[in-house]
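Step one of this worksheet: look at the structure below.
In listed order, ligands and their atoms are each counted from 1.
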Amino acid sequence: MMQIPLVDLRAQYASIKEEIDAAIHAVVSDTAFIGGAHLKSFEHEFAEFCGVKHCVGVGNGTDALFIALKVLGVGKGDEVITAANSFVATSEAITMAGARVAFVDINAATYNIDVEKIEERISGRTKAIIPVHLFGQPADMATILELSRKYNLRIVADAAQAHGSLYRGQPIARLADLACFSFYPGKNLGAYGDGGALLTDNQEWADKARMFANHGRVQKYEHQVEGVNSRLDSLQAAILSVKLRHLDEWTRCRRRNAGLYSQYLKALGVSGPVAIEDVRAAYHLYVIRVEAEIRSKLQEFLNANGVSTGVHYPIALPYLESYNYLNHEAVDFREALRASKEILSLPMYPELTDEQIQYVVEKIAEFLQTAGNRAS
Ligand SMILES: *Cc1c(COP(=O)(O)O)cnc(C)c1O
């Protein structure tokens, strides 16, 4: 029986071991653990990769979002709009900044924020929109940019799952006032610990973010404001520099793997992610949809056959206990609610082989052949 994990970080390390080991050794021999040349180089390289002028490394992706909102002056009395399906960090960052979360339902086909439903959530207090490029699929930025101009709203992109995604030929970081990335180990560009970054073309915001993330410090022991301690450490930066050199190739592999899955699954009547015109999705995850009644049985069956799967996410954000205070009802976010019961993430990583993909699909086919198990 094959064993196929959801993500295989061991396979990736094995493929770049020498480069990684040398990078770690270099940082340790320099004893340059915080700040310094390794961090500077990575920030420079990642800004270039994103087609944006400035990159500020921070402690993690959640802090990147929080700091972006602080830099824009979003806080008490303000509202920030975001998607009802994401990792909790997205909405958590809004609350951390002192603002109120305004959730918007998702588009059933893309799993991203339903741009048709944004306008009705905009109030006099709305300051910003956080589109999440969920699963590496860019949100409908043309409409979001239009709304941001019409209502004078800032855009902070949650690009934690979308390193390398392109929207109409542009790296997604270019389509936001500030774009936030996570380098959590399992992300498309992952560190060997926590890490994150803010990307912007605006020098003033970059400077502010850098200052805020470093205790509000302008000079040693001179603090303009109270900030936080949220830095990307040099070991992580050096590791990320190595991995960044491989990212385009890894994204190509993810896209090839997604193509193979979609091709094989089509015969089973199982729908995978939609391909949007003029968009290059980075396939952080490959998410299929099945009837709610069979999802957990399918998950168990695959697991028993060595195939790990996941659900991203089993509870839509507005229905988490932490948001009980918003008093949302099931009808408020129908699509997010339905998706949370029907979606299933299949193994997805660059090193996945055609043979492994075929095995996963075979097992799904076997499951669906059992009486009563229909895809949709
Ligand atoms: C991972 C993730 C984050 C948070 O990043 P961390 O580095 O774990 O803090 C935020 N938003 C989304 C959509 C994510 O997937």
Quick one: does [X] get an N or O within less than 3.5 Å of an N or O on ligand 1?
X: Asp158; result: yes
X: Ser182; result: yes
X: Gly61; result: yes
X: Thr62; result: yes

Just checking [X] against [Y], ring centres under 6.0 Å apart?
X: His163; Y: Phe181; answer: yes
X: Phe87; Y: Tyr184; answer: no
X: Tyr283; Y: Tyr261; answer: no

Keeping the roles fixed (side chain from Gln161, backbone from Lys187), state whether a donor-acceptor pair exists under 3.5 Å. no
Between Ala160, Gly196, Ala93, which one has a non-hydrogen atom sitting closest to atom 12 (C) of ligand 1? Ala160
Would you tell me which option among His284, Lys187, Glu92 has the nearest heavy-atom contact to atom 2 (C) of ligand 1? Lys187
State the atoms of ligand 1, each with its element, that fall below the 4.0 Å cut-off from a heavy-atom position in [X].
X: Ser86; answer: 13 (C)
X: Ala89; answer: 3 (C), 4 (C), 10 (C)
X: Asn60; answer: 7 (O), 9 (O)

Starting from atom 15 (O) of ligand 1, which protein heavy atom do you reach first, and at what distance in Å? Gln161 NE2, 2.8 Å
Tell me yes or no: between the side chains of Asp354 and Gln358, is some donor less than 3.5 Å from an acceptor? yes
For Asp21 and Tyr13, run side chain to side chain donor-acceptor pair (under 3.5 Å): C-alpha distance rounded to whole Å, both residues' side-chain angles, the deciding distance at 0.1 Å, then the answer. CA-CA 10 Å; Asp21 292 356; Tyr13 175 56; 2.7 Å; yes
If you count the non-hydrogen atoms of other residues, nucleotides and ligands that lie under 6.0 Å from CD in Gln3, is the total more than 12? yes
I'd like to know whether ligand 1 has Thr90 as a neighbour, heavy-atom separation below 4.0 Å. yes
Check Arg338 with Glu342, please: is the shortest side-chain N to carboxylate O separation under 4.0 Å? yes
